[in-house]
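Note on naming: letters A, B, ... go to the chains in the order of the sequence lines (proteins, then strands), and numbering restarts at 1 for each one.
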Number of protein chains: 2
Amino acid sequence: MKPRITLKNIAKEFGVSISTVSKALKGSHEISEETRERIQAYADYYNYKPNSLALQLRSQKTSVIGVIIPEIVHHFFSTVINGIEQYANERGYNVMICLSNESYEKEVSNISMLTNGSVDGLIVSIARETQENQIYKHFDALIKDDFPLVLFDRVVDSIKCDKVIIDDIGGAIKATDHLIEIGSKRIALLTTQDYISVGSLRKEGYIKSLIKNGIKVDENLIYKIDDKRDLYEQIKKVINVKNPPDAILAVNEIYAAIASKISKERGLVIPNDIAIIGFTSGLISEFTSPSLTSVMQHGALMGKQAAELLINRIEHKGVDEDYQKEVISPNLKIRESTKR
Amino acid sequence: MKPRITLKNIAKEFGVSISTVSKALKGSHEISEETRERIQAYADYYNYKPNSLALQLRSQKTSVIGVIIPEIVHHFFSTVINGIEQYANERGYNVMICLSNESYEKEVSNISMLTNGSVDGLIVSIARETQENQIYKHFDALIKDDFPLVLFDRVVDSIKCDKVIIDDIGGAIKATDHLIEIGSKRIALLTTQDYISVGSLRKEGYIKSLIKNGIKVDENLIYKIDDKRDLYEQIKKVINVKNPPDAILAVNEIYAAIASKISKERGLVIPNDIAIIGFTSGLISEFTSPSLTSVMQHGALMGKQAAELLINRIEHKGVDEDYQKEVISPNLKIRESTKR
DNA sequence: TATAAACACGAAAACGTTTTCGAAAGTTAA
DNA sequence: TTAACTTTCGAAAACGTTTTCGTGTTTATA
């Protein structure tokens with residue numbers, strides 16, 4: 001790579017000082033018009049661009065925000081990043097992305113790398129392993145130093161910072177209410193292991209709705225799917241039984257899609273024999289047939305809000321208002337799988 | 001945010017010079033064991049981390065690679081980024097992501113931003129608008145400065161740099177061959193406008209396979225879908241006709257999924273009446289029913305290879321070997337939609 | 001004509017680090 | 001006792017900027 005041209009190069013070329021060149025290129029009135037124009041022309045010709053590292057070092061500001069997510073090959077996280085990137089750009093920030101791969105170790109090392117001066121703030125969704133072990137001291141260290149931090153989606157109450165989350169309880173209530181409205185009596189819940197915060201919140205909403213509607217909660221209809229084992233086998237045990245449920249609420253799109261496939265294979269008609277709703281973050285629900293009613297998660301909006309909170313926090317350095325918690329309400333996209 | 005602790009702070013604390021502190025923390029033998037241990041303990045206690053901006057400025061190396069992609073909410077690009085990130089991390093690099101949103105302007109400004117010293121090299125997939133207008137001077141400028149650059153997927157021959165691409169022609173041939181093998185006679189092609197390079201390459205493979213198998217190419221079976229108009233309407237015109245094709249090759253997953261839906265709505269049985277194959281980059285094909293046979297694109301592998309080419313180029317600064325072009329062969333994942 | 005103001009520029013510090021070179025002590029050997 | 005080494009540290013340059021504070025020259029004013 002050819003070395004880039006610097007102020008020093010230009011200064012030597014014209015036999016002037018570095019400060020003169022700097023001022024000339026910034027259009028300072030301190031420099032005579034003649035000198036300024038000559039320097040400007042030369043700089044243009046050689047495509048001078050100020051070295052951003054030097055600027056960052058001097059100004060103690062990088063205009064970069066770091067994002068740490070569990071994985072990127074996941075439609076929900078892609079949409080969040082999209083939201084972050086769009087908004088950050090508008091405010092003059094760039095985005096640096098790191099993946100924790102759901103690993104505690106990697107999350108810690110990512111945070112350590114990014115907070116050595118390369119970013120002005122951090123947006124994080126916590127790794128599964130971290131939530132499992134409930135070790136949050138790497139976050140507490142950030143808080144102690146007042147490092148700008150925003151958590152989204154997978155958050156933890158004990159970490160004192162700005163947060164943006166989805167109203168998972170409300171979303172699950174909406175979905176369950178809808179299933180009940182269309183006449184479902186035995187609604188199965190496909191959820192995750194308890195330590196996944198969103199899974200247990202959605203379960204909470206499901207239960208609330210049942211109680212509100214005077215339906216007895218049947219623990220046998222609540223299935224905790226283990227992501228590390230075969231999903232088909234686990235979900236078959238829900239549907240391929242003598243007396244299958246007449247509706248399913250799945251806490252993510254994959255579970256819902258698999259439930260749909262298995263139902264059809266067993267000869268059940270959707271939505272008449274069995275209605276299906278999934279929390280969604282992708283395109284599958286839209287393109288399967290029948291298309292699946294979904295609780296829409298608004299990832300892009302989430303990203304935008306997270307970026308907004310973070311940048312505000314970065315730029316109002318002095319002010320330390322209370323930490324904010326933005327709650328995004330998911331809405332129900334009704335499709336064929338619940339149109340009885 | 002609390003100001004971070006620096007060498008200067010520590011030096012003042014112990015009444016020694018900055019260089020002594022620096023050496024002590026690097027375990028230099030020049031420093032007495034006693035001094036070294038005291039300084040180390042203090043630094044540990046206050047969680048000293050060298051400011052990476054200062055290091056980067058001094059070493060003229062950022063260990064960051066920039067990635068510019070058309071959009072991130074697209075499974076294919078997510079997998080590529082995943083591949084890039086994994087490999088880059090192994091080699092000690094971080095990843096900075098920018099989106100061009102298919103816009104020429106944004107691509108230019110992204111390149112300009114990233115090449116001002118904030119990254120050591122660039123991995124790019126060219127924006128649609130850029131390919132449409134065929135203006136590549138922003139890339140030529142990079143080449144002229146020997147700036148490390150790797151293009152992937154959407155590449156342009158005239159830009160002289162390392163590239164990694166998918167063998168789109170071969171993939172389309174494999175798919176078409178397979179459709180012919182299972183007895184298809186009238187194979188429709190759902191492709192994109194001509195200026196999209198991958199679209200026209202896949203069309204080329206489709207035609208080659210037909211010719212090879214002695215089937216006459218029927219231009220009326222080649223449909224150029226316009227992404228800016230309603231996809232359902234356009235694809236309906238392919239299937240909802242008196243004499244529909246008995247097989248469909250779609251150049252992406254969405255087209256394939258829509259074709260599948262419309263076929264079922266029209267009462268056609270997949271794969272008996274109509275077989276379907278799509279180039280894939282997502283999960284839809286796997287979870288619809290029937291599941292769709294796909295040409296698998298191996299995005300993660302692509303990302304890994306792109307990162308490998310780039311980092312090698314960055315690190316062998318002096319050596320300028322010829323530019324490499326890696327070609328990845330897609331393979332056919334046979335699913336229900338072609339099992340006659 | 002003397003003084004003040006305006007103009008055009010340079011020196012140097014600052015951001016935080018690494019590294020080369022030199023130098024003052026202390027130690028060893030002859 | 002003297003010469004040669006070793007040990008332990010500091011000064012300063014370098015990376016590329018911006019910005020404050022001079023300073024010398026010219027022009028305007030009284």
field: Side-chain donor/acceptor of A:Glu30 to base of C:dC9, under 3.5 Å
entry: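 Yes, a donor-acceptor pair under 3.5 Å.
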Just to confirm, is there a sub-4.0 Å distance from OP1 or OP2 of [N] to any side-chain nitrogen or oxygen of [X]?
X       : N      : result
B:Thr35 : D:dT8  : no
A:Ser22 : D:dT18 : yes
A:Gln56 : C:dG16 : no
B:Ser32 : D:dC9  : yes
A:Lys23 : D:dT18 : no
B:Lys8  : C:dC15 : yes
A:Ser19 : D:dT18 : no

task: Please confirm whether the backbone N or O of B:Ala127 pairs with a side-chain atom of B:Glu107, one donor and one acceptor, at under 3.5 Å?
output: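 Here the side-chain-to-backbone pair exists.
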Assess, by modelled atom type and distance only, whether the side chains of [X] and [Y] contain a donor and an acceptor separated by less than 3.5 Å.
X       : Y        : value
B:Glu13 : B:Asn9   : no
A:Thr20 : A:Ser17  : yes
A:Gln40 : A:Asp44  : yes
A:Thr62 : A:Asp120 : yes

Rounded off to whole Å, could you give me the [atom1]-to-[atom2] distance for the [X] and [N] pair?
X       : N      : atom1 : atom2 : answer
A:Ile18 : D:dA14 : CD1   : P     : 11 Å
A:His29 : D:dT19 : NE2   : C1'   : 13 Å
A:Lys26 : D:dT19 : NZ    : C1'   : 10 Å
A:Gln60 : D:dT19 : CD    : P     : 14 Å
B:Asn51 : C:dG16 : CG    : C1'   : 6 Å

I want to verify a distance call: between [options], whose nearest atom is closest to the [X] side chain?
X       : options                : value
A:Leu7  : C:dT19, D:dT18, C:dC9  : D:dT18
B:Leu55 : D:dT18, C:dT17, D:dG16 : C:dT17
A:Ile31 : C:dC9, C:dT18, D:dC9   : C:dC9

field: Terminal helix-axis angle for the helix from C:dT1-D:dA30 to C:dA30-D:dT1, with five pairs defining each axis and rounding to 10 degrees
entry: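 Answer rounded to 10°: the end axes differ by 70°.
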- request: Give one of base, sugar-phosphate or nothing for A:Tyr48, where a contact means two heavy atoms less than 4.0 Å apart.
  value: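 Sugar-phosphate contact only.
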- prompt: Between B:Ala54 and B:Val21, which is nearer to the 5' end of DNA chain D once each is assigned its nearest nucleotide?
  reply: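 Here B:Val21 is the residue nearer the 5' end.
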Neighbour count above 12 (heavy atom, 6.0 Å) for B:Lys2 NZ: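 Counting other residues, nucleotides and ligands, NZ of B:Lys2 exceeds 12 neighbours.
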